[in-house]
A.B. asks: 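Below: one structure in structure tokens.
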Amino acid sequence: MPALLRTTLALLAGVVVTFFTISAVEQLGHILYRAPAELDWQDSSAVSAFLKQLPAGALLLVLVGWLLGIFTGLTAATMLAGRCRGRFALAIGILVFWGAVSNFYLLPHPMWLIVLSLIMIPLVAVLCWWAL
């Protein structure tokens, strides 16, 4: 298989693994911290009120999902490509970073989670790249 095709497919697989991992961890959060049955997800003020009352553990689980997603996606891409490439860390890190920023824009989050996420996501992407 040509190197460019192998690298591209490895990166795509890494992105899929990243977002699957994030979704799985967030589903765990939904199981542990259930929303009230009467919550109307179409009502932005009701959703905002629900999110503001969530405990710190629920919010940290979201951050853990993002960071674990970077690690698993970068590991999968590295295993499939045969070696770790900086573009894997860059692409996966940027996608998760953009996803977090859009999440912060759309939903209310405490400032500590925003700051911690904006620091930790790039840091974990670089550290995973160096480790692999």
Side-chain angles (χ1 to χ4, degrees):
M1 178 181 306
L4 179 62
L5 179 60
R6 182 177 179 156
T7 300
T8 303
L9 292 176
L11 178 58
L12 289 175
V15 169
V16 169
V17 168
T18 296
F19 288 104
F20 177 78
T21 302
I22 292 170
S23 295
V25 173
E26 287 185 1
Q27 284 301 318
L28 176 65
H30 292 304
I31 291 169
L32 295 175
Y33 303 98
R34 292 200 180 271
E38 66 275 357
L39 180 65
D40 179 14
W41 290 99
Q42 303 302 321
D43 181 9
S44 61
S45 61
V47 173
S48 294
F50 169 69
L51 293 176
K52 287 181 183 176
Q53 61 86 28
L54 280 174
L59 299 171
L60 283 174
L61 202 52
V62 171
L63 178 61
V64 167
W66 292 337
L67 301 179
L68 190 60
I70 291 170
F71 174 74
T72 58
L74 191 53
T75 301
T78 298
M79 289 173 54
L80 292 171
R83 69 182 182 121
C84 189
R85 299 176 186 263
R87 66 187 88 155
F88 293 165
L90 183 65
I92 291 172
I94 285 174
L95 286 173
V96 173
F97 190 84
W98 282 345
V101 168
S102 66
N103 200 344
F104 297 145
Y105 178 73
L106 295 173
L107 300 169
H109 290 80
M111 188 55 68
W112 64 265
L113 180 63
I114 294 171
V115 170
L116 191 59
S117 298
L118 296 180
I119 293 169
M120 292 297 295
I121 290 171
L123 183 64
V124 166
V126 170
L127 289 177
C128 288
W129 174 38
W130 285 341
L132 292 172

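Residue numbers count from 1 along this sequence.
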A.B. asks: Is there a side-chain contact between Thr18 and Leu95 in this structure, where contact means two heavy atoms from C-beta onward sitting under 4.5 Å apart?
C.D. replies: no

A.B. asks: Rounded to the nearest 0.5 Å, what separation is found between the CG atom of Leu61 and the CD atom of Gln27?
C.D. replies: 11.0 Å

A.B. asks: Going only through I, L, V, M, F, W and Y residues with side-chain contacts under 4.5 Å, is there a path from Leu51 to Leu32?
C.D. replies: yes

A.B. asks: Could you give all pairs that pass the ring pair (Phe, Tyr, Trp, His ring centres under 6.0 Å) test and reach residues 6-39, with sequence neighbours left out?
C.D. replies: none

A.B. asks: Tell me, please, which residues at least two apart from Arg87 pass side chain to side chain contact (heavy atoms under 4.5 Å, CB included).
C.D. replies: Thr7, Arg85

A.B. asks: If the condition is side-chain hydrogen bond (donor to acceptor under 3.5 Å, both in side chains), which residues does Asp40 pass it with, not counting sequence neighbours?
C.D. replies: none

A.B. asks: Side-chain heavy atoms nearer than 4.5 Å, only ILVMFWY residues, links allowed to pass through others: does that put Ile22 and Val17 together?
C.D. replies: no

A.B. asks: Scan the side chains in residues 65-75 for donor-acceptor partners under 3.5 Å anywhere in the protein, sequence neighbours excluded, and list what turns up.
C.D. replies:
unit_1	atom_1	unit_2	atom_2	d
Thr72	OG1	Thr21	OG1	2.8
Thr72	OG1	Leu68	O	3.1
Thr72	OG1	Gly69	O	3.3
Thr75	OG1	Phe71	O	2.7

A.B. asks: With a 4.5 Å heavy-atom cut-off, do Glu26 and Val62 have their side chains touching?
C.D. replies: yes

A.B. asks: Who passes side chain to side chain contact (heavy atoms under 4.5 Å, CB included) against Ala91, sequence neighbours left out?
C.D. replies: Leu11

A.B. asks: List in chain and number order the residues that pass side chain to side chain contact (heavy atoms under 4.5 Å, CB included) with Leu4, two or more places apart in sequence or in another chain; answer none if no residue qualifies.
C.D. replies: Thr8

A.B. asks: Not counting sequence neighbours, list each pair that qualifies as a side-chain hydrogen bond (donor to acceptor under 3.5 Å, both in side chains) and has a residue in residues 42-58.
C.D. replies: Asp43-Ser45

A.B. asks: Sequence neighbours excluded and cut-off under 3.5 Å, please list the side-chain donor-acceptor pairs for residues 103-131, or say none.
C.D. replies:
unit_1	atom_1	unit_2	atom_2	d
His109	ND1	Leu107	O	2.9
Ser117	OG	Leu113	O	2.7

